[in-house]
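Have a look at the structure below, then the notes.
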Amino acid sequence: MKLLYILGSYFPAQSGGPNNTIHWQAKSLCKKDFDVTVASLKSGLTKENVDEHNIILNDQNVIQGVKAYYFNYRGNRFFSLQLYLWMVINIKKYDFIQLTSYFFPITWFAALLCNIYSVPFSLAPRGELEDNALKYNKKFKKIIHKYFLKKLYKKSSFILVTSSQELGFSRKYFPSNMKFELIPNYIDLNTNKQVSDELIKNKKDILYLGRLHPKKGIENLIKAYMILGEDITKSNSLLIVGSGNSEYEKKLKLLALNDKKYKNKIFFLGHKQGKEKENLYRNSKVFVLPSYSENFGNVVLESLSLSTPVISSKFTPWRELEVAQCGFLSGNNPDELKNKIEYIFKMNSKEYIRYCNNSYKFVHDKYDVDKNISYLAGIYRMYTI
């Protein structure tokens, strides 16, 4: 079966969750006799990425067994003539197309071609239809959905959602007879080993890692850190890792660094990837995701897979954390976040080690891509019969 993924950025780029999760899916599907191709933009690629993987723009590359195209663009990434032309010529050659992002113009063009060529396709909104995500550019999104997108996407074979929470939000924007498939993001655990109890005892610091965007609620985490007791803050820093909205980042830094007391306690480390990112997860005492909106939250799996418990806001789909005893849900206001962080730090050593070991086990048992890929493969095959 010839399967094509189309998205704005792809591994080894690290500019968003789908970069990795789609790559892990694609690699595993190749082991299931799928012929997988990814068509993407060069967005997020660093010079190191290009050199390490010998990437040639606007041409076929093979990235860990997956055929991948990274197309150039000038100025705005919505306007990649090379990608548009490639899709016109090639989309009709595939058995199934998986599209990512509801409001991305390249997705619109790909869906239009699928309709013209009668090629079956699926759409993954990736959280763009959640209430807190729709607050941004609300008028434009409302108009283009009503008069264009709901007609364009109505021939989707199914809508791919990653959580029951995203399913609830997404149903409102599609016809009542539209089919939905709930397929969580999976993670590649081939290189992740369980952290030893001795290393767990040395964990310290509070970590946020991800995109810097107002919907992430990072200011609430900063405020929570500022009201923690000195018994915690004197030996544990707040590490904020990522890049994104520059104006939002300025506001966060002003909030965090305006008080000299926290100048050497709250650190903005910028974008990290590879071993640096893994070490941040592995060495941190707790990872906190204080978002106002998440369709899934790949960073939760990444943290848990490296034996670090997670505090996630109640606006994320991670109620399983408390059931599996590997983390907690919290309101994303400073007081509640502070209370949950304190709870983690005041655990005795035995209980904290148990939470860390549960974290790794939870991901290994439920979200290992190699264990779960047969389900996804079966769905794609079902919709191409």
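Reckoned from all heavy atoms, side chains included, excluding hydrogens, waters and symmetry mates.
Judged by distance alone, the side chain of Lys265 and the main-chain N or O of Lys234 form a donor-acceptor pair under 3.5 Å. Here the side chain of Asn332 pairs no donor or acceptor atom with the backbone of Ser313 at under 3.5 angstrom. Listed for the Asn283 side chain is a donor-acceptor partner under 3.5 Å among the backbone atoms of Asn279. Between the side chain of Tyr352 and the backbone N or O of Lys285 there is at least one donor-acceptor pair closer than 3.5 Å. Distance alone, capped at 3.5 Å, is enough to place a donor-acceptor pair between the Tyr248 side chain and the Ile218 backbone. Proximity of a side-chain donor or acceptor of Asn132 to a complementary backbone N or O of Tyr292 within less than 3.5 Å is detected. For the pair Asn372 (side chain) and Asp368 (backbone), a donor-acceptor distance under 3.5 Å is present. One N or O on the side chain of Ser80 and one on the backbone of Asn72 form a donor-acceptor pair closer than 3.5 Å. Not one N or O on the side chain of Ser284 forms a donor-acceptor pair closer than 3.5 Å with the backbone of Phe287. Judged purely by atom type and a 3.5 angstrom limit, Glu52 has no side-chain atom pairing as donor or acceptor with the backbone of Pro12.
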**Item:** Criterion side chain to side chain contact (heavy atoms under 4.5 Å, CB included) on Tyr173 and Ile159, from CA distance to verdict
**Value:** CA-CA 11 Å; Tyr173 297 93; Ile159 304 302; over 6 Å; no
**Prompt:** Please walk me through it: do Ser9 and Asn19 pass side chain to side chain donor-acceptor pair (under 3.5 Å)?
**Reply:** CA-CA 6 Å; Ser9 179; Asn19 291 169; 3.2 Å; yes
**Request:** Assess whether side chain to side chain contact (heavy atoms under 4.5 Å, CB included) is satisfied between Lys277 and Lys275, documenting all intermediate values.
**Result:** CA-CA 5 Å; Lys277 183 172 79 166; Lys275 291 296 181 184; over 6 Å; no
**From CA spacing to verdict: side chain to side chain contact (heavy atoms under 4.5 Å, CB included), Leu280, Leu239** = CA-CA 9 Å; Leu280 283 163; Leu239 309 179; 4.0 Å; yes
**Request:** Give the C-alpha distance, both sets of side-chain angles, the deciding distance and a yes or no for side chain to side chain donor-acceptor pair (under 3.5 Å) between Asn90 and Lys93.
**Result:** CA-CA 5 Å; Asn90 290 285; Lys93 299 176 183 178; 3.0 Å; yes
**Request:** Starting from the C-alpha separation in whole Å, work towards a yes-or-no answer on salt bridge (Lys or Arg N to Asp or Glu O under 4.0 Å) for Lys338 and Glu342.
**Result:** CA-CA 6 Å; Lys338 172 232 180 197; Glu342 281 185 341; 3.6 Å; yes
**Asked** Should Asp35 and Lys67 be marked as a salt bridge (Lys or Arg N to Asp or Glu O under 4.0 Å) after you check the CA-CA gap, both sets of side-chain angles, and the distance that decides it?
**Response** CA-CA 9 Å; Asp35 182 353; Lys67 298 173 189 173; 3.0 Å; yes
**Item:** Full working for salt bridge (Lys or Arg N to Asp or Glu O under 4.0 Å) between Asp197 and Lys201
**Value:** CA-CA 6 Å; Asp197 289 359; Lys201 291 177 183 177; over 6 Å; no
**Worked verdict on Asn220 versus Ile222 for side chain to side chain contact (heavy atoms under 4.5 Å, CB included)** = CA-CA 5 Å; Asn220 294 320; Ile222 293 172; over 6 Å; no
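Side-chain atoms of Asn192 and Ser305 include a donor-acceptor pair closer than 3.5 Å. Side-chain N/O atoms of Glu130 and Asn295 include no donor and acceptor closer than 3.5 Å. A donor-acceptor contact under 3.5 angstrom links the side chains of Gln98 and Tyr380, judged on distance only. For the residue pair Gln273 / His271, a side-chain donor-acceptor distance below 3.5 Å is found, with atom types taken as modelled.
Within the structure, the side chain to side chain donor-acceptor pair (under 3.5 Å) test picks out the following pairs touching residues 203-218 (sequence neighbours left out): Lys203-Thr308, Lys216-Glu294. Sorted by first then second residue, the side chain to side chain donor-acceptor pair (under 3.5 Å) pairs that include residues 316-330, not counting sequence neighbours, are Ser312-Thr316, Glu320-Lys366, Glu320-Tyr367, Gln325-Arg354.
Just one residue in the list Tyr10, Trp86, Tyr5 forms a ring pair (Phe, Tyr, Trp, His ring centres under 6.0 Å) with Tyr69, and that residue is Trp86.
Taking the six-membered ring for Trp and the full ring otherwise, Phe174 and Tyr153 have centroids separated by 6.0 Å or more. Here the two rings, on Phe158 and Phe180, have centers that are 6.0 Å apart or farther. Separation of the Phe11 and His53 ring centroids falls under the 6.0 Å cut-off. In this structure, Phe121 has its ring center no closer than 6.0 Å to that of Phe96.
The minimum heavy-atom distance linking Pro309 with Ser303 is given by the pair O-OG, 4.1 Å. Counting all heavy atoms, side chain and backbone alike, Ser237 lies closest to Tyr225 at CA-OH, 3.6 Å. Minimum heavy-atom separation, Asn185 to Leu301: O-CD1, 3.5 Å. Of all heavy-atom pairs between Leu7 and Thr100, the closest is CB-CB, 4.0 Å. The heavy-atom pair separating Tyr360 from Ser307 by the smallest distance is CB-OG, 3.8 Å. Nearest approach of Ser170 to Pro125, heavy atoms of both residues: OG-CG, 4.2 Å.
Figure legend: cation-pi geometry between Lys42 and Tyr73, with NZ or CZ positioned under 6.0 Å from the six-membered ring centre and within 45° of its axis. In this structure, Arg126 fails the cation-pi test against Tyr102, since its NZ or CZ atom is not both closer than 6.0 Å to the six-membered ring centre and inside 45 degrees of the ring normal. By the 6.0 Å and 45° rule, Lys2 does not stack over the aromatic ring of Phe34. Annotation: cation-pi geometry satisfied between Lys92 and Tyr117 (NZ/CZ under 6.0 angstrom from ring centroid, within 45° of ring axis).
Other residues, nucleotides and ligands place no more than 12 heavy atoms under 6.0 Å from the OH atom of Tyr343. Atom NZ of Lys154 sits in a sparse spot, with 12 or fewer heavy atoms from other residues, nucleotides or ligands closer than 6.0 Å. No more than 12 heavy atoms of other residues, nucleotides or ligands sit less than 6.0 Å from atom NZ of Lys32. Within a 6.0 Å radius of CD in Glu230, other residues, nucleotides and ligands contribute 12 heavy atoms or fewer.
Residue Leu123 is grouped with residue Leu152 when hydrophobic side chains (ILVMFWY) are merged at heavy-atom distances under 4.5 angstrom, including chains of intermediate members. Cluster annotation: Ile311 and Leu321 are assigned to the same hydrophobic cluster (Ile/Leu/Val/Met/Phe/Trp/Tyr, side-chain heavy-atom contacts under 4.5 Å, transitive). Leu3 and Tyr375 fall within the same hydrophobic cluster, where Ile, Leu, Val, Met, Phe, Trp and Tyr residues are linked whenever their side-chain heavy atoms come under 4.5 Å apart, directly or through other members. Taken together through direct or relayed side-chain contacts under 4.5 Å among Ile, Leu, Val, Met, Phe, Trp and Tyr, Val300 and Val323 form parts of separate hydrophobic clusters.
The residues Lys172 and Asp131 are annotated as salt-bridged, a charged nitrogen and a carboxylate oxygen being separated by less than 4.0 angstrom. Salt bridge absent: Asp335 and Lys223 never bring a charged side-chain N and a carboxylate O closer than 4.0 Å. Ion pairing between Lys340 and Glu336 fails under the 4.0 Å rule for side-chain N and carboxylate O.
Partners of Ser101 according to the side-chain contact (heavy atoms from CB on, under 4.5 Å) rule, which considers only residues two or more places apart in sequence or in another chain, are Phe104, Thr107, Glu128.
Side-chain contact between Val66 and Cys30 is present, with heavy atoms from C-beta onward closer than 4.5 Å. Side-chain contact check for Asn61 versus Asn54: every heavy-atom pair is 4.5 Å or farther apart.
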